[in-house]
Amino acid sequence: MPSYVVTGANRGIGLALVRRLSEDEGNVVIGLFRTKPIAASIADLASRDNLHWVETDIEKKESINAAVPKVSAITGGKLDVLIANAGIVSKWSALDGLTDLVRQDPDLVEQDLLNLYRVNCIAQIFLIAAFLPLIKAGTLKKIVGISTGFAVIDLTADWGLYQAPLYAISKMAFNMAIAKLYAEHKNDGVLIMGVAPGVVDTGNSPDPTDAETGAKAMRMVQMFMGYAPDFRGPVTPDASAVQLLGVIDNATFERNGGKLVSQFGNDRWL
């Protein structure tokens with residue numbers, strides 16, 4: 001029975017992942033959450049005996065460490081796949097470039113960037129380090145970090161994607177952490193990799209309630225379509241979960257070790 005831990009499982013992509021994984025009664029699925037899922041959103045999951053919930057605040061090392069023995073008790077001291085999905089975004093900085101943000105509020109730039117880095121990179125390092133002993137005892141031995149195409153240097157430079165700079169910087173640091181962790185543990189048979197899910201409607205996008213914000217959002221969409229002419233807007237979390245699990249299931253050391261791939265399993269980001 002393959003076992004899975006998914007962080008940020010209370011909503012969005014994380015909830016979609018645990019819903020999809022727990023459809024297979026042969027899987028043992030543990031959803032980690034900081035904020036309790038809305039009851040109505042998980043009502044359909046109540047009868048699934050293979051789905052478990054563990055309250056965990058990934059921003060606190062003590063909470064992460066406390067979650068490990070709870071998961072171990074459920075899985076029999078091992079874990080096959082850890083999906084590090086939980087993270088944060090900054091709506092304030094989503095549509096502007098770095099210099100524009102500095103002109104608007106330099107103190108907020110510093111505050112946001114430090115907070116994003118703390119959660120999207122540092123907390124993920126502690127999470128992975130805490131669960132590594134269970135992963136090494138498992139069979140599949142896979143750790144997957146959910147990242148973003150905004151953190152791809154060539155995509156940013158070649159297509160002028162200046163948006164979401166603070167979020168992208170924090171995720172780029174996470175990408176390097178994934179590469180370093182893989183390099184450290186590949187001889188133990190642990191596959192550590194990143195996957196960018198593309199554009200997903202998780203409710204975290206800025207609300208274009210005024211003309212200026214709407215124009216900025218449209219500019220970003222136009223840039224997406226310049227890169228991918230068939231881009232038709234964000235996909236649902238459920239559709240994203242199907243794509244991500246396909247990539248995770250098919251991931252190999254040769255193709256994916258320490259690397260970031262897209263929801264298509266390659267370097268096509270949209």
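Residue numbers start at 1 and run along the sequence shown.
- Among residues two or more places apart in sequence or in another chain, the side-chain contact (heavy atoms from CB on, under 4.5 Å) test is passed with V199 by F224, F231, P234, L270.
- Among residue pairs with one or both ends in residues 175-195, those qualifying as side chain to side chain donor-acceptor pair (under 3.5 Å) are K136-H185, K136-D188, S147-N175; sequence neighbours excluded.
- Each salt bridge (charged side-chain N to carboxylate O under 4.0 Å, His left out) pair with one or both residues in residues 65-85, not counting sequence neighbours, would appear here, but there are none.
- Every residue meeting the salt bridge (Lys or Arg N to Asp or Glu O under 4.0 Å) condition with E59, not counting sequence neighbours, appears here in chain and number order: R34, R118.
- The stretch residues 97-111 participates, sequence neighbours left out, in these side chain to side chain donor-acceptor pair (under 3.5 Å) pairs: D96-Q104, D100-R103.
- With sequence neighbours left out, E62 forms a salt bridge (Lys or Arg N to Asp or Glu O under 4.0 Å) with no residue at all.
- For T252, the side-chain contact (heavy atoms from CB on, under 4.5 Å) test picks out E254, R255, N256, with sequence neighbours left out.
- Under the salt bridge (Lys or Arg N to Asp or Glu O under 4.0 Å) criterion, R48 pairs with no residue at all, not counting sequence neighbours.
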Would you mind writing out the side-chain donor-acceptor pairs for residues 151-160 within the sub-3.5 Å range, not counting sequence neighbours?
residue, atom, partner, partner atom, Å
T156, OG1, F150, O, 3.3
T156, OG1, V152, O, 3.0

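- Residue pairs meeting the side chain to side chain donor-acceptor pair (under 3.5 Å) criterion with at least one member in residues 7-21, sequence neighbours excluded, are R19-D44.
- Sorted pairs that involve residues 219-246 and meet side chain to side chain donor-acceptor pair (under 3.5 Å), not counting sequence neighbours, are lacking altogether.
- Partners of D112 under the side chain to side chain donor-acceptor pair (under 3.5 Å) rule, at least two apart in sequence or in another chain, are S90.
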